[in-house]
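Values below: every heavy atom of this structure, side chains too, minus hydrogens, waters and symmetry copies. One-based numbering, in listed order, for ligands and for the atoms of each.
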Amino acid sequence: MDAEQRTVAVLGAGTMGTGIATVVARARHRTLLFDVSEANLARGIDAVNGFFDRSVELGKLGRADAEAAKARVTGVTALAELAPANVVIEAVLEDLALKKEVFGRLDDVVAPRTLLHTNTSTLSVTGIASGSRLPERVVGTHYCNPAPLMRLVEVADGRHTADWAHRATREFLASLGKTSVVTKDRPGFIVNRFLIPWENSCITALETGLGTRDSIDTAVTGALGHPMGPFRLLDVVGLDIHQQVATRLYEQLRDPRFFPPPMVERMVSAGDLGRKTGRGFYTYDDTRFFGS
Ligand SMILES: NC(=O)c1ccc[n+]([C@@H]2O[C@H](COP(=O)([O-])OP(=O)(O)OC[C@H]3O[C@@H](n4cnc5c(N)ncnc54)[C@H](O)[C@@H]3O)[C@@H](O)[C@H]2O)c1
């Protein structure tokens, strides 16, 4: 199917839904961005438009292409409007009961062969799929933040995911220009299994005085070849998100390496969440959701 002919619904116009909608529109799919909050939806549409405008400013995209991409995105607040979707990507709050309910409601709206993707970070894909009467078409697709810039998506099948849904999902991700890797439906998938304990150990190194913010970030970029150091990365991800993901993984895995060090709680309670609040490990003038 040609990209232009696909209709893709993205549920949740927060950090991830907005980034994913940008990726989908950039890949020339018709994009329906859905949120229960009109204010969040308006903010999300602004963020998508802002991304494309900034891409033009940076010389990465022509003005005509940017306008065409923006025109492919429609904001909706009625679930019934998602009926034409060939693919639905769920990026609502990380809450199992909510996600199950959303998947159950989608069954009444979209066609039986419509793919249902969940962007969960820490919940079981099988558990979320149990909210649908057709769990064979539910697949975990875990995008990295910021979605427009990060190439990797992890693909996790639930217990009842059908082969056709898995294959169609990987083909769809390729149409977005993403590299997909397959992982088991286990807490943290691959990336967060490695990332969270590593970030925690960097925070502990800072807290115990092994190095400074700058020396640790410089050591990691200079010697390990990472594009950004752990503190720059934590500021992009958000300290609140790190805390939430780390705590949820600790609760499931009972491995102390996942438990967030005390500095995380202090920063979160002070509102120093990173880029989105203008201050985290670093300070920022620009608090947009994602860069370009
Ligand atoms: N933030 C990250 O770094 C990151 C990375 C990968 C995956 N995820 C996952 O992506 C999902 C979304 O995370 P986020 O950080 O974008 O959250 P967010 O809080 O920024 O946005 C969530 C959005 O969902 C909306 N929402 C709530 N209930 C809804 C419903 N019933 N229908 C439609 N929209 C609804 C909210 O109004 C909000 O706009 C979570 O499952 C999270 O674990 C997050």
Side-chain angles (χ1 to χ4, degrees), residues 9-23 32-48 75-82 85 88-106 108-110 116-125 127-129 131 138-156 178 183 185 187-193 195-196 199 233-249 251-252 268 273-277 280 287-291:
V10 180
L11 267 63
T15 307
M16 291 310 293
T18 300
I20 294 168
T22 302
V23 171
L32 303 173
L33 182 57
F34 171 86
D35 203 292
V36 286
S37 154
E38 288 198 16
N40 288 4
L41 182 59
R43 226 157 43 108
I45 296 280
D46 278 353
V48 173
V76 295
T77 50
L79 208 65
E81 291 183 74
L82 307 186
V88 178
I89 305 167
E90 172 277 307
V92 306
L93 302 171
E94 187 77 333
D95 177 311
L96 180 62
L98 173 69
K99 287 185 193 279
K100 282 176 68 173
E101 185 205 319
V102 165
F103 277 67
R105 291 176 63 204
L106 283 168
D108 299 328
V109 173
V110 298
L116 301 185
H117 291 168
T118 174
N119 185 45
T120 183
S121 300
T122 59
L123 300 170
S124 149
V125 174
I128 294 168
V138 177
V139 186
T141 58
H142 184 237
Y143 293 72
C144 302
N145 181 25
L149 305 185
M150 302 292 283
R151 191 171 278 268
L152 189 89
V153 178
E154 294 176 279
V155 176
K178 297 296 184 191
T183 173
D185 178 24
F189 305 128
I190 295 171
V191 172
N192 281 332
R193 276 288 181 116
L195 182 62
I196 298 295
E199 281 175 331
L233 179 63
L234 280 157
D235 277 359
V236 170
V237 168
L239 271 294
D240 54 336
I241 300 294
H242 176 77
Q243 184 182 44
Q244 188 191 87
V245 172
T247 305
R248 282 169 179 267
L249 292 180
E251 283 165 2
Q252 293 176 77
V268 170
L273 305 184
R275 197 165 179 140
K276 59 187 164 189
T277 57
T287 57
R288 274 178 293 199
F289 276 167
F290 45 79

Problem set entry | Atom indices of ligand 1, in the order listed, that fall short of 4.0 Å to a heavy atom of L98 | 28 (N), 31 (N)
Exercise. For residues E94 and S121, is any side-chain donor paired with an opposing acceptor at under 3.5 Å?
Worked result: no
Exercise. Of the backbone atoms (N, CA, C, O) and the side-chain heavy atoms from C-beta on, which set of V102 has a member under 4.0 Å from an atom of ligand 1: side chain, backbone, both, or neither?
Worked result: side chain
Problem set entry | Contact check, Q244 vs ligand 1, heavy-atom distance below 4.0 Å | no
For this session: Would you check whether T15 has a nitrogen or oxygen atom less than 3.5 angstrom from a nitrogen or oxygen atom of ligand 1?
Result: yes
Exercise. For ligand 1, is any non-hydrogen atom under 4.0 Å from N119's backbone (N, CA, C, O), its side chain (CB onward), both, or neither?
Worked result: both
Exercise. Are the side chain of D35 and the backbone N or O of N40 linked by a donor-acceptor pair below 3.5 Å?
Worked result: no
Problem set entry | Residue S121 vicinity, atoms of ligand 1 by number, heavy atom under 4.0 Å | 6 (C), 7 (C), 8 (N), 9 (C), 42 (C), 43 (O), 44 (C)
For this session: Would you kindly say whether H117 and E90 are connected by a side-chain donor-acceptor distance under 3.5 Å?
Result: no
Seminar exercise, completed: K99 heavy atoms within 4.0 Å reach ligand 1 at atoms 40 (C), 41 (O)
Exercise. Who pairs with R151 by side chain to side chain contact (heavy atoms under 4.5 Å, CB included), at least two apart in sequence or on another chain?
Worked result: T179
Exercise. Does a side-chain heavy-atom distance below 4.5 Å link V125 with F189?
Worked result: yes
For this session: Sequence neighbours left out, what passes side chain to side chain contact (heavy atoms under 4.5 Å, CB included) with S124? Give chain and number order.
Result: T126, D185
Problem set entry | Charged N-O contact under 4.0 Å between D240 and K276 | yes
For this session: Ignoring angles and geometry beyond distance, decide whether N40 reaches within less than 3.5 Å of ligand 1 through its nitrogen or oxygen atoms.
Result: yes
For this session: Would you check the N or O atoms of H142, main chain and side chain alike, for any that come under 3.5 Å of an N or O of ligand 1?
Result: no
Exercise. Is there a donor-acceptor contact under 3.5 Å linking the side chains of E154 and T183?
Worked result: no
Exercise. Looking at ligand 1, does any of its N/O atoms fall within less than 3.5 Å of an N/O of Y143?
Worked result: no
Exercise. Heavy atoms only: which of I128, N145, V36 is nearest to atom 3 (O) of ligand 1?
Worked result: N145
